[in-house]
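These notes are about the structure you will find just below.
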Protein chains: 2
Amino acid sequence: MKDTRSRATGRPTLAHVAALAGVSQITTSRALRSVPTVAPELVERVRAAAKALSYVPNPAARTLASARSQSILVLVPALSNHLFIETLEAIQAVFRPRGFEMLIGNYHYDSYEEEELIRNYLSHQPCGILLTGFKRSAVAADLLATSGVPRVQMMDLGGDTASVCVGFSQGSAGRAVADHLLSRGRRKLAFVGAQLDDRVMQRRAGFQQAIADAGFSQAVDILTPEPSSVDLGVTLFKRLLAECPQTDGVFFCNDDLAFGACFEALRKGISIPQRLSVVGFNDLPGASQMVPRLTTVQTPRASIGRQAAINLLKLLDGETLDTERVDLGFELVVRESS
Amino acid sequence: MKDTRSRATGRPTLAHVAALAGVSQITTSRALRSVPTVAPELVERVRAAAKALSYVPNPAARTLASARSQSILVLVPALSNHLFIETLEAIQAVFRPRGFEMLIGNYHYDSYEEEELIRNYLSHQPCGILLTGFKRSAVAADLLATSGVPRVQMMDLGGDTASVCVGFSQGSAGRAVADHLLSRGRRKLAFVGAQLDDRVMQRRAGFQQAIADAGFSQAVDILTPEPSSVDLGVTLFKRLLAECPQTDGVFFCNDDLAFGACFEALRKGISIPQRLSVVGFNDLPGASQMVPRLTTVQTPRASIGRQAAINLLKLLDGETLDTERVDLGFELVVRESS
DNA sequence: GAGATTTAGGATAGCGCTATCTCAAAGTCG
DNA sequence: CGACTTTGAGATAGCGCTATCCTAAATCTC
């Protein structure tokens with residue numbers, strides 16, 4: 001019985017496959033990577049040998065030799081918001097079948113942590129990067145730019161730069177909610193925001209702008225940097241009722257806050273939408289079953305993930321994108337709560 | 001100006017740090033890895049040089065040379081259940097400060113996908129593995145065993161084997177729910193289960209067993225392999241009411257199903273707990289704000305992640321664990337819904 | 001104080017791949 | 001038809017680290 005595995009790792013190497021297929025190691029490497037200069041017959045033989053030995057390439061060796069790994073770095077600000085889970089799933093659905101792996105970096109909405117993640121993960125030499133939003137520390141931006149690794153931004157549509165992005169206009173979504181509430185005759189509006197990241201603030205700006213454009217008075221702001229949650233929704237809704245009891249329309253920056261408000265309203269006997277209208281954001285699971293069923297903005301987070309991944313693949317293949325800025329829109333879903 | 005970066009990657013290498021510190025490359029390697037045979041003064045000098053060059057080790061080279069990466073493979077059956085997000089966060093809080101990276105594998109409750117993930121990720125030579133549960137395909141179990149990589153199982157407490165695990169008894173949790181419902185005078189019980197993974201079935205078995213032990217008749221089963229969700233909760237609750245209108249106590253295998261039931265009950269004017277008691281599982285965010293506030297089983301998923309990670313670190317350091325099976329218990333949180 | 005042991009650091013040789021260069025054989029063209 | 005390109009495959013040389021062996025100095029032993 002001949003040696004068919006490496007001493008160090010206990011697994012077969014390219015050399016073993018090459019020996020079995022009766023070709024050189026480099027031809028084996030090429031055949032397995034589908035480099036087109038290898039005769040189909042040899043590719044066949046190499047593939048068969050690899051299969052026979054259950055050969056799996058060693059990614060460390062590959063990365064070291066080529067100075068490029070087969071992984072994609074994906075940076076998201078949170079995993080606790082279901083929104084990003086759906087985006088990640090969609091991204092993975094594109095990359096896994098193509099043999100790319102995902103390195104998931106969760107920076108907890110903390111720009112310093114984002115910077116550290118970028119520094120650490122760049123050392124793995126990812127072949128592409130997917131980022132959430134445009135706003136980040138100067139150092140982080142510089143690390144990214146210097147790395148030269150192709151990247152695509154997700155979720156919003158940075159106004160100015162020529163960078164590749166896939167998302168929707170957070171500001172327009174905010175405007176759409178204001179227009180809707182105004183069309184329902186609501187005039188004493190409030191914006192309830194948590195986390196206060198860039199995108200929440202864009203929604204808020206669009207919301208306020210639409211109100212101003214319609215000639216009505218500015219919405220009350222109930223803002224907190226705490227992460228969004230159902231519990232927080234209860235707290236902020238109580239605060240709103242205490243501070244501005246006359247409010248007749250509220251835009252919550254995320255559905256879970258709105259869920260909390262609905263629960264509190266049920267408990268207090270405040271009828272939604274009779275006494276006030278409630279609009280959420282994202283159409284998270286459960287929004288359509290809430291009592292009352294929640295009016296909210298359905299955001300295309302899965303499509304964003306999919307399209308961002310596809311565009312990144314195109315960049316990796318050296319293709320030029322017809323559109324650098326992809327706007328996937330959003331949909332205001334009007335239900336019972338408004 | 002001297003060369004302080006590699007031609008291939010554009011980053012400084014160990015050799016550059018060594019040159020700047022005026023010691024050999026291998027001493028530099030040792031100093032940075034805190035190998036104890038290096039004089040403190042040299043360590044100091046090397047650290048300073050590394051810092052001056054913003055040196056970051058190349059993980060591919062390290063992995064190739066040592067046949068072991070600095071990453072931990074974590075396999076979870078889903079990311080869409082908030083439960084596992086909390087576990088992942090807790091795991092990461094232990095590993096990141098120690099310089100380990102997490103490879104997250106989501107197998108979507110699919111044992112073939114789990115097998116593929118194991119095969120692919122083992123090629124990265126992780127130094128440790130965290131697994132969810134005990135049940136997996138024979139091939140997967142064999143791949144794991146053959147790899148010889150230290151591993152810890154999370155979530156339940158496999159009855160027989162001597163494997164290291166951290167979790168709680170899913171069966172006992174099921175029993176506790178049954179005992180609670182029986183103590184409330186409920187006799188016409190139902191178990192509503194989705195996904196039907198190993199742990200759900202253990203809960204069900206404990207639930208039914210406790211009912212049998214108390215001498216009452218078996219709970220009605222409403223089961224489906226679909227993934228748990230609020231929408232599905234609505235559907236299954238409707239089915240339960242249609243099939244067994246006399247039911248007076250229901251155990252939902254996950255809170256989101258119970259949420260759906262509460263919403264449907266509110267809509268139909270079915271009063272919980274007067275007409276029937278509802279108990280959920282996991283105490284997911286929102287459970288305590290649901291109308292009515294949901295009685296549920298609080299599971300220690302964050303502690304499980306943390307303790308599993310700590311125990312895995314001990315295994316990596318060659319320590320022997322005083323307890324191979326860590327039972328972190330659970331707590332029945334009685335609220336308004338029962 | 002000579003021989004045995006320990007210790008700190010260095011020299012060397014890969015880890016398993018791929019980039020790059022090379023070369024023979026086959027095809028191309030005026 | 002001879003010089004020129006193209007084409008498929010191999011030989012070679014690393015990628016940036018660490019395992020392993022080795023040496024010289026320091027320490028210990030009786």
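Numbered from 1 within each chain, the chains take letters A, B, ... in sequence-line order.
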For nucleotides 6-9 of chain C, print each protein N/O atom paired with a nucleotide N/O atom at under 3.5 Å, atom names and distance only.
from: C/dG9; atom 1: OP2; to: B/T37; atom 2: O; distance (Å): 3.4
from: C/dG9; atom 1: OP2; to: B/A39; atom 2: N; distance (Å): 2.5

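- With sequence neighbours excluded, the residues satisfying salt bridge (Lys or Arg N to Asp or Glu O under 4.0 Å) with B/E86 are B/R301.
- Side-chain atoms of A/L144 and A/V149, non-hydrogen and from C-beta on, never get closer than 4.5 Å to each other.
- Comparing D/dC17, C/dG16, C/dT18 by their nearest atom to the side chain of A/S29 picks out C/dT18.
- Dashed line: the shortest gap from a side-chain N or O of A/R33 to OP1 or OP2 of C/dA19 is under 4.0 Å.
- Ionic pairing of A/R96 and B/E116 is not present here: no N-O contact between side-chain nitrogen and carboxylate oxygen is shorter than 4.0 angstrom.
- Qualifying side-chain hydrogen bond (donor to acceptor under 3.5 Å, both in side chains) partners for A/E44, counting only residues two or more places apart in sequence or in other chains: none.
- Counting to the nearest Å, the P atom of D/dA19 and the CZ atom of B/R68 are 11 Å from each other.
- Note on ring orientation: taking the six-membered ring where Trp is involved, the planes of B/Y107 and B/Y109 are perpendicular (angle over 60°, cut-offs 30° and 60°).
- Taking the screw axis at each terminus of the helix from C/dG1-D/dC30 to C/dG30-D/dC1 from five consecutive base pairs, the angle between the two is 20° to within rounding of 10 degrees.
- In this structure, A/N58 places its CG atom 13 Å from C1' of C/dT18, rounding to the nearest Å.
- Using a 4.5 Å cut-off on side-chain heavy atoms (C-beta onward), B/M154 and B/V166 make no contact.
- One N or O on the side chain of A/R5 and one on the backbone of A/G10 form a donor-acceptor pair closer than 3.5 Å.
- Here the side chains of A/F84 and A/P77 are in contact, with some heavy-atom distance below 4.5 Å.
- Looking at A/T87, its side chain does come within 3.5 Å of a backbone N or O of A/L83 through a donor-acceptor pair.
- Taking A/S71 as the reference, A/S69 meet the side-chain hydrogen bond (donor to acceptor under 3.5 Å, both in side chains) condition, with sequence neighbours excluded.
- Comparing C/dG14, C/dC17, D/dC15 against the side chain of A/L64 picks out D/dC15 as the nearest.
- A heavy atom lying under 4.0 Å from DNA chain D marks none of the residues of residues 118-127 of chain B.
- In terms of position along DNA chain C, the nucleotide closest to B/G22 lies nearer the 5' end than the nucleotide closest to the other residue of the pair A/A65 and B/G22.
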